[in-house]
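Quick notes on the structure that follows.
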Protein chains: 2
Amino acid sequence: MSTLRGAAPVGAPDAVAPAESHSKADRAYQALIEGIQQGRFAPGSRLVLAQLADELGMSVVPVREAIRRLQHDDLVSYERNVGATVVGVDPEEYRYTMETLALVEGFSTAQCAPLVTAAELERARDINARMRALLDDFDPVEFTALNKEFHSTLFEHHQNPHILDLVHRGWNRLTALRSSTFAHVPGRAPQSVAEHDQLLDLIAAGAPFQDIEAAARQHRANTLTAYMDTMAPADQH
Amino acid sequence: MSTLRGAAPVGAPDAVAPAESHSKADRAYQALIEGIQQGRFAPGSRLVLAQLADELGMSVVPVREAIRRLQHDDLVSYERNVGATVVGVDPEEYRYTMETLALVEGFSTAQCAPLVTAAELERARDINARMRALLDDFDPVEFTALNKEFHSTLFEHHQNPHILDLVHRGWNRLTALRSSTFAHVPGRAPQSVAEHDQLLDLIAAGAPFQDIEAAARQHRANTLTAYMDTMAPADQH
DNA sequence: CCGCGCAAAATCGTATACGATCTGTGGTGA
DNA sequence: TCACCACAGATCGTATACGATTTTGCGCGG
């Protein structure tokens, strides 16, 4: 899907596009998404067209378009004649996003698995080793970055660009919702690393499609569960 | 997701919004999507802003926005400084769409299954019976409409709006790509009806999640396979 | 006859301007 | 004191205008 869209998904590993996309709308989009992900625009805060346009040194028209893109990325909520507000850390929305991501990421991982080369598998193991090394002196940001890199390695030979795009969108959204899940649930990290190893073993062994899919899906579902348990331990009715 | 987006997804069963959405951009979007789905805008044909604006009795600004929405729905491809062209019936793209739809629809069906009431199950059986009755004097359009209705019934209690939105997008895209798959592969229809029954049996029996998901996914995958076999029997390299 | 370059037409991208709609505030009457 | 209404400010939605880029067609030279 990436190949279809005029704007490359920000954060996509294949989109190493420079900051200069030769389109003000693109620049605005990138600036806003970065601002949201870095927390410069707090959740719930309003994004006012004129103000942003002034800030970015352009007219409101490109800004407006950028905001509509953010809207369909579900990074902002929009109300007609009122404006856009940065989407909050609603646990419900987080759950939806993680669930969707588990679905598409699981499928994509399984689909790519037979095409992963030995070298890539080695690279993934190396990344996971670095993640494990990081467990002692835990750094959530670095850990999350490696986590992304790990899964990206397994997606190198994506078969279905639509699904790949969905994965990237999910990642973007997560990054926007909170800089790092592991910052909130550090206890999840060791388990995550272990599951990575299991996943790699399955791929290396040429396990059946549904086994790999189930494992990859469960991997993310576990993260979600860990998060939910931590954040809302009183959520038992 | 639907609840987050400013514009209700066209074709969504819960979006019975009248043609008057009180926004020219919305009207333009709806007009264009209908035009594409009805074949008024042939695949490959260009969508010129000024021309459409004139036709719809509005300025180019709302039309532009509508086209960008179509772009992210993957109904048109867009090139900077050139314009939008209606996406064609590329078999590759069709495969991607069907595959993605199999994924999200399968999951959604499985997730909704435990919540389907007896009445709804009955309704689904009734729809399927009407589809079976249609097999003798086959009408692809009517059959496809019932097919949509059938699956919609099983989605009544959607859990994850993001995934539901993905399903709707996939349907929209399919409708745009070709008015009806069954028009091209009529031989698939009887098998489809039979699989519907099996799916209903699984749901009624309270089958495990993964069984229902697998069945629903396979159901759509089968349609894809049937189509691929018919359209490209020489595709064996 | 074919390729190359330039100019004109077509089309998009952005800026500015104005009307429409919403939100908040202050005042008035009960 | 509280509810309600009117008005003003803020912000968005759309129209129009103009500059930027691409495409196309024509003429020239080989």
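All values derive from a computational prediction rather than experimental measurement. Protein chains get the first letters and strands the later ones, always in sequence-line order, with residue 1 at the start of each.
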Legend entry - Atom pair distance, as rounded to whole Å: CZ in A:R80 and P in C:dT23: 13 Å
Inset, instruction - Under 4.0 Å between any heavy atoms, over every strand shown, what does B:V61 touch: base, sugar-phosphate, or nothing? Just pick one. - result: base
Inset, instruction - Round to a whole Å and report the spacing from CZ of B:R46 to P of D:dT24. - result: 8 Å
Inset, instruction - Identify whether any heavy atom of B:L47 sits under 4.0 Å from a base atom; if not, whether one sits that close to sugar-phosphate; answer base, sugar-phosphate or nothing. - result: sugar-phosphate
Inset, instruction - Measure from the side chain of B:R64, starting at C-beta and using heavy atoms only, and say which of D:dG13, C:dG13, C:dA15 lies closest. - result: C:dG13
Legend entry - A:Q218 and A:N222: side chain donor to acceptor below 3.5 Å: yes
Legend entry - Separation of atom CG in B:L56 from atom P in D:dA15, rounded to whole Å: 11 Å
Legend entry - d(NZ, A:K24; C1', C:dT14) in whole Å: 7 Å
Inset, instruction - Give a yes or no on whether a salt bridge exists between B:D73 and B:R69, defined as a side-chain N under 4.0 angstrom from a carboxylate O. - result: no
Inset, instruction - Please state whether the phosphate of C:dT14, meaning OP1 or OP2, lies under 4.0 angstrom from any side-chain nitrogen or oxygen of A:S59. - result: no
Inset, instruction - Measure the distance from CG on A:N81 to C1' on C:dT23 and round it to the nearest whole Å. - result: 11 Å
Inset, instruction - Rounded to the nearest angstrom, tell me the gap between atom CG in A:D54 and atom C1' in C:dT16. - result: 14 Å
Legend entry - Distance-only polar pair, side chains of A:T85 and A:R46, donor-acceptor under 3.5 Å: no
Inset, instruction - Return no unless some side-chain N or O of A:Y78 is found under 4.0 Å from OP1 or OP2 of D:dT11. - result: no
Legend entry - Atom-pair distance (CZ on A:R27; C1' on C:dG13), nearest Å: 12 Å
Legend entry - Short side-chain donor-acceptor distance under 3.5 Å, B:Q111 and B:H157: no
Inset, instruction - Determine, for B:E105 against B:R217, whether the closest basic-nitrogen to carboxylate-oxygen distance falls under 4.0 angstrom. - result: no
Legend entry - Rounded distance (Å) that lies between atom P of C:dC12 and atom CD of B:E79: 12 Å
Inset, instruction - Name the residue closer to the 5' end of DNA chain D, choosing between B:P62 and A:V82 according to the nucleotide with the nearest heavy atom. - result: A:V82
Legend entry - Per A:A25 side chain, nearest of listed nucleotides D:dT14, C:dA15, C:dT14: C:dT14
